[in-house]
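Comments concern the structure below.
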Amino acid sequence: MATLDWSQCPWVESVPDRRSDAFVFRESRTPVSVVFDNLEAGASINEIIEWFHLSRDQVVRRDRVRGA
């Protein structure tokens with residue numbers, strides 16, 4: 001599996017001294033990796049949104065993958 005370059009994604013950020021510089025969803029402290037780990041473990045998007053207090057817009061960005 002290819003590694004993604006999260007630094008090019010405008011919907012996440014890596015802030016020095018926050019979450020060990022891990023990429024997190026903007027306006028949150030939730031690491032992007034948490035979503036993938038939980039999806040892999042069988043969680044639904046709705047469960048992840050509820051558990052980590054994320055908005056659907058933060059997690060599911062259909063408009064952002066158009067033309068991909």
Side-chain angles (χ1 to χ4, degrees):
M1 179 189 215
T3 301
L4 297 173
D5 182 1
W6 289 107
S7 67
Q8 301 302 309
C9 181
W11 308 287
V12 299
E13 63 186 349
S14 177
V15 179
D17 301 323
R18 185 189 305 165
R19 295 286 185 186
S20 303
D21 294 335
F23 281 95
V24 298
F25 289 97
R26 286 201 184 276
E27 301 177 14
S28 85
R29 296 182 61 83
T30 304
V32 174
S33 61
V34 164
V35 172
F36 291 105
D37 291 346
N38 281 278
L39 286 171
E40 208 170 72
S44 72
I45 292 292
N46 289 335
E47 289 171 322
I48 293 167
I49 289 168
E50 181 182 334
W51 296 338
F52 298 102
H53 307 286
L54 296 169
S55 71
R56 178 166 293 282
D57 194 44
Q58 286 174 300
V59 178
V60 181
R61 309 296 278 241
R62 289 184 194 110
D63 60 316
R64 295 181 181 154
V65 295
R66 269 190 221 141

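Fair warning: this is a prediction, and the values are worked out from it, not measured in the lab. For reference, positions follow the sequence shown, starting with 1. Heavy atoms only: backbone and side chains are in, while hydrogens, waters and symmetry mates are out.
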Rounded to the nearest 0.5 Å, how far apart are [atom1] of [X] and [atom2] of [Y]?
| X | Y | atom1 | atom2 | value |
| --- | --- | --- | --- | --- |
| Leu54 | Ile48 | CG | CD1 | 8.5 Å |
| Glu40 | Ser33 | CD | OG | 11.0 Å |
| Ile49 | Thr30 | CD1 | OG1 | 11.5 Å |

Val15 versus Val24: any side-chain heavy-atom pair under 4.5 Å?
no
Is there side-chain contact between Asn38 and Phe52, with heavy atoms separated by less than 4.5 Å?
yes
Report the residues that fulfil side-chain hydrogen bond (donor to acceptor under 3.5 Å, both in side chains) with Asn46, sequence neighbours left out, ordered by chain and then residue number.
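side-chain hydrogen bond (donor to acceptor under 3.5 Å, both in side chains) check on Asn46 returns Arg56.
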If only atom types and distance count, is the side chain of Arg26 paired as donor or acceptor with the main-chain N or O of Pro10 below 3.5 Å?
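Side chain of Arg26 to backbone of Pro10, a donor-acceptor pair under 3.5 Å: yes, one is there.
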Which residues share a salt bridge (Lys or Arg N to Asp or Glu O under 4.0 Å) with Glu27, sequence neighbours left out:
none
On a heavy-atom basis, which atom in [X] and which in [Y] lie closest, and how many Å separate them?
| X | Y | result |
| --- | --- | --- |
| Val12 | Trp6 | CG2-O, 3.7 Å |
| Glu47 | Ser44 | OE1-N, 2.8 Å |
| Ala43 | Trp51 | CB-CZ3, 3.6 Å |

